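See below for the structure under consideration.
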Amino acid sequence: MNELKTSLCVENKKLNTLVIQEPFTLQEKLHILGAAAKYDVACTSSGVDRRNDGTGMGNAYAAGICHSFSADGRCISLLKILFTNECIYDCKYCANRSSNDVVRTSFTPDEVCTLVMEFYRRNYIEGLFLSSGILKSPDFTMELIYITLHKLRHILNFQGYIHVKTIPGTNGELINRIGFLADRMSVNLELPTAESLKKLAPNKSRKKILEPMRLVQQNRIANKHELALNNRAPAFVPAGQSTQMIIGATPETDYQIMSVAETLYNKFDLKRVFYSAFIPVNEDLALPAVKQGGPPLLREHRLYQADWLLRFYHFQTKELLDEKNPNFNVFLDPKCNWALKHLEYFPVEVNKADYKTLLRVPGIGVRSAQRIVAARRLGILDFQDLKKMGVVLKRALYFLTCKGKMMYATKIEEDYILRNLLQIKESLPDSVTGMAYQQLSLFDVQSNGDKKVS
Amino acid sequence: MRSIYVCHDTIQGIFSALYDAWVYNRHADVGIEFVGKVERQLFCQYIDVVENEKKVLAVERLIQKNLGENTYHDIYYALLADDAKKAEAVFQTMQAARALRNSRKIMEHLSNDSVTKVFELSRRVGNEAHLFQGFVRFRELQGGVLFSEIAPKSQVLTCIADYFYNRYPMENWMIHDKTHGMSLVHPKQKPWFLLTHDQADLQQMGSLIQVEDDYEDLWKTFFQSISIQERENYCCQRTHLPLRYRKEMVEFHERKVDRKNIGS
Ligand code: SF4
């Protein structure tokens, strides 16, 4: 009898651990769903200015505000979480794919609201970044997100920043409702080409990703017209859309990637395209093996530099790269790279060249180009003046004349300049140079990374 | 004999000193030093400044009218900096402006050392104030009052007051500057005000601050879960968020109880 009892007891215990999953505390959910959201990089709080109307909580600043910096050196601005890490899809690169055995949980709308309001009150955050896996269906999940946002905006009177990720396949009417509550919406492009997408994210398609992007773009245009007539009308996604692509998981060239980004800026009016160096969290035959040296951070950096050239320096992708030279030289920033291939344009005369030409000179940035244009109205500039205006002369000297003279007698030859430019130590941002740490930590990825929760 | 005006290192103190110096000595080379930091020298005449609101308003108007709003902003910010020579630099800047045909352009004259100094101090204070917009941490005290302590180098409280005033109009909140012994106080739905020389009874506050705040623990959990290990980079973190700010930021405090591996 006694024996029976014990064995029953053991059985019971087994059952308990196997079947009855203890409900998670808020603390545990936050740990799981915060860690699950960390690979999303598009999390600035920028793009919209909004003052508090005096009756609620929060406001927004177009330049964005950093509240803290995590151990990887990235700015923490928003409470970046997944609503749920349940998912019916099976994207190969994602820790939450349906075929992975990980601990799954979901917030309730009330829990998200409480976290946002209480974190915001304590000035931990600028607002919310809400992404999600797919629970039951895209519409079902997005409806829960709508309920959350509606409560934040209309019941709790939250006036801080909200960024929502749209799940591809969500119905247009629902996207429309959410767009009036969010400041920014984004759909992840995930991978640069439709083929790669098919291979790594079999449940998604390029078409389904572009659909909501187009819809939000059109609604924003309509909303702008409405706001022009009535400035008290509610704003639709006032901070615009962004997206992100994973770099290095699939074989696309920089040329392909930048061409896609350019199309998104020009045809979809995106505010930002983010590039995210691939970090393997799953072992999968379809994915590249873990590389020595960690994620391709330097390549990611070059893409951001090129992105900058498209948005602020009036460059086009086809000027920077082509079929024959489809990848950036990782040793040289894309602008220097371009200048070396186009020495026929140089040197330019600082006192005459127009603004756009100045922008193309290595060592001259947007600010210094503006200063040059303003200052030369008052007098003729020489190299000393340029230095004061923030021009990096050691880079620019090969490409400039002042009053018809170059700074030093130098050859204008590609190899010669290249050799000299490579000798100048480029000041890469810390985010790229922390390589040593990455190599060390690579080996505990499996034990400490996402698997921690499993 | 060189005159040296001695005042408190506050806006009221320095503006009063500027007033006296301007009225009686505007063509001379004068010194402005701060109570408690004066190093007496021979052949100098030390004058204790009588500080009052009337002088403050007069100097404010003088600068705004003759040097313009933007210059006033730079001067005001520069005077909040942690710098022994800031008031003299401002006085010399005012003197230099008199010599210009258009005094409002004074801040463009960066070949003048005093002007450069005012410009740089103003930028330094502005940058620090901007950081505190993000780095201030409130704790909830009994009765729902939000309380924050900061230890800034510059006297940034009035620079960030409007920012937080607009952000939390419906909250009772208070930010205490430990370095300078001042507090910014905002009663719900009322304008903010500044308490100097520790008029605020912080002893009493002190006991309230010990209250547990559950959200601090939640915030720490989030803070740790959000970092990507493969990209870990403490140098980069330190550049953006220097160590000196971390003492008052709860996410950098040790946890009281070590949490077991959550969720496993
Ligand atoms: S849809 Fe794909 S990327 Fe998104 S959570 Fe599910 S598996 Fe991950």
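The sequence lines fix the lettering, A, B, ..., with proteins before strands; numbering per chain opens at 1. Here the structure is a predicted model, which means the values were calculated and not measured.
Between B:W173 and B:H186, the angle of the ring planes stays under 30°, which puts this pair in the parallel group of the 30/60° scheme. Using the six-membered ring where Trp is involved, B:Y76 and B:Y72 have ring planes that are tilted, between 30° and 60° apart. Between B:Y163 and A:Y61, the two ring planes are tilted [angle within 30° to 60°].
Ranked by non-hydrogen atom pairs under 4.5 Å with chain B, the options A:R122, A:E118, A:E126 are led by A:R122. Highest contact tally toward chain A, considering only B:L218, B:L146, B:L241, B:L131, is held by B:L218 [criterion: heavy-atom pairs under 4.5 Å]. Ranked by non-hydrogen atom pairs under 4.5 Å with chain B, the options A:G56, A:S68, A:G58 are led by A:S68. Ranked by heavy-atom pairs shorter than 4.5 Å toward chain B, the options A:A71, A:A37, A:S70, A:G34 are led by A:A71. Ranked by non-hydrogen atom pairs under 4.5 Å with chain B, the options A:M57, A:R121, A:R51 are led by A:R121.
Each of B:N112, B:D83, B:T93 was scored for a side chain to side chain donor-acceptor pair (under 3.5 Å) with B:K117, with one residue passing: B:D83.
Of the atoms belonging to A:L30, heavy atoms from both backbone and side chain fall under 4.5 Å from chain B. For a residue to count as touching a neighbouring chain, one of its non-hydrogen atoms must lie under 4.5 Å from one of that chain's; by this rule B:I228 touches chain A with backbone and side chain alike. With a threshold of 4.5 angstrom between heavy atoms, A:F119 approaches chain B through side-chain atoms but not through N, CA, C or O. Residue A:Y120 touches chain B through both its backbone and its side chain, counting heavy-atom pairs closer than 4.5 Å. If you measure heavy-atom distances from A:L33 to chain B, you find no contacts under 4.5 Å at all. Neither the backbone nor the side chain of B:Y165 comes within less than 4.5 Å of any heavy atom of chain A.
Looking at residues two or more places apart in sequence or on another chain, you find a salt bridge (Lys or Arg N to Asp or Glu O under 4.0 Å) between B:E251 and B:R137. A search for salt bridge (Lys or Arg N to Asp or Glu O under 4.0 Å) contacts involving A:D110 returns A:K151, not counting sequence neighbours.
Ionic pairing of A:R50 and A:D183 is present here: one or more N-O contacts between side-chain nitrogen and carboxylate oxygen are shorter than 4.0 angstrom.
Annotation: side chain of B:C159 is in contact with side chain of B:L80 (closest heavy-atom distance under 4.5 Å).
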